[in-house]
K.L.:
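Following this message is one structure expressed as structure tokens.
All residue numbers refer to positions in the sequence shown, counting from 1. Treat the numbers as computed from the prediction; the structure is a model and nothing was measured.
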Amino acid sequence: MDLRIGVTQAPRELNIELADDIDRDDLRARVDAALSGASDVLWVEDKRGKEFGLATAKIAYVELGSPDSDRRIGFGS
């Protein structure tokens with residue numbers, strides 16, 4: 001699953017490829033808690049085991065990719 005986070009005052013977004021077995025509902029609950037002010041830092045672990053911490057005050061938007069999204073290359077629909 002892919003996680004895309006927009007950061008305020010930054011020209012690029014943060015793209016994190018998550019493990020396939022991650023609990024989508026748990027991740028969404030952690031993002032909701034971070035955006036509501038319950039925590040100051042959102043911690044996310046990618047599929048290689050690296051941990052990313054992002055100050056919740058800097059989050060502009062969060063996009064969760066589908067767990068079985070296929071990546072299309074080239075032209076076509």
K.L.:
Connecting only ILVMFWY residues whose side-chain heavy atoms lie within less than 4.5 Å of each other, what is the rest of W43's hydrophobic cluster?
P.N.:
V41
K.L.:
Do L27 and D25 make a side-chain contact, defined as non-hydrogen atoms from C-beta onward lying under 4.5 Å apart?
P.N.:
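No, every pair of side-chain atoms sits at 4.5 Å or beyond.
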K.L.:
Considering residues at least two apart in sequence or located in another chain, which fulfil the side chain to side chain contact (heavy atoms under 4.5 Å, CB included) criterion with A29?
P.N.:
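By the side chain to side chain contact (heavy atoms under 4.5 Å, CB included) rule, A29 matches no residue at all.
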K.L.:
How many angstroms lie between atom NZ of K47 and atom CD1 of I22, to the nearest 0.5 angstrom?
P.N.:
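Answer rounded to 0.5 Å: 12.5 Å.
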K.L.:
How far apart are the C-alpha atoms of E17 and D2, what are their side-chain angles, what is the distance that settles it, and do they pass the side chain to side chain contact (heavy atoms under 4.5 Å, CB included) test?
P.N.:
CA-CA 5 Å; E17 191 172 343; D2 292 328; 3.6 Å; yes
K.L.:
Quick one: are L3 and L64 in side-chain contact, heavy atoms under 4.5 Å?
P.N.:
yes
K.L.:
Can you tell me which residue pairs pass the salt bridge (Lys or Arg N to Asp or Glu O under 4.0 Å) test with a partner in residues 28-38, sequence neighbours excluded?
P.N.:
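Of all non-adjacent pairs touching residues 28-38, those that pass salt bridge (Lys or Arg N to Asp or Glu O under 4.0 Å) are D26-R30.
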K.L.:
How long is the gap from CD on E63 to CD1 on I5, to the nearest 0.5 Å?
P.N.:
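Going from CD on E63 over to CD1 on I5, the span is 11.0 Å.
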K.L.:
If you look only at distance, which donor and acceptor atoms sit under 3.5 Å apart when one is on a side chain in residues 51-58 and the other is two or more places apart or in another chain?
P.N.:
unit_1	atom_1	unit_2	atom_2	d
T56	OG1	S39	O	3.2
T56	OG1	D40	O	3.2

K.L.:
Could you list the residues that satisfy side chain to side chain donor-acceptor pair (under 3.5 Å) with E13, not counting sequence neighbours?
P.N.:
R4, Y61
K.L.:
With a 4.5 Å cut-off on side-chain heavy atoms, are T8 and I59 touching?
P.N.:
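No. Closest side-chain heavy atoms not under 4.5 Å.
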K.L.:
Does the side chain of L42 reach to within under 4.5 Å of the side chain of V31, using non-hydrogen atoms?
P.N.:
yes
K.L.:
Go through D20 and M1 one step at a time and tell me if the side chain to side chain contact (heavy atoms under 4.5 Å, CB included) criterion holds.
P.N.:
CA-CA 6 Å; D20 294 332; M1 179 178 7; 5.8 Å; no
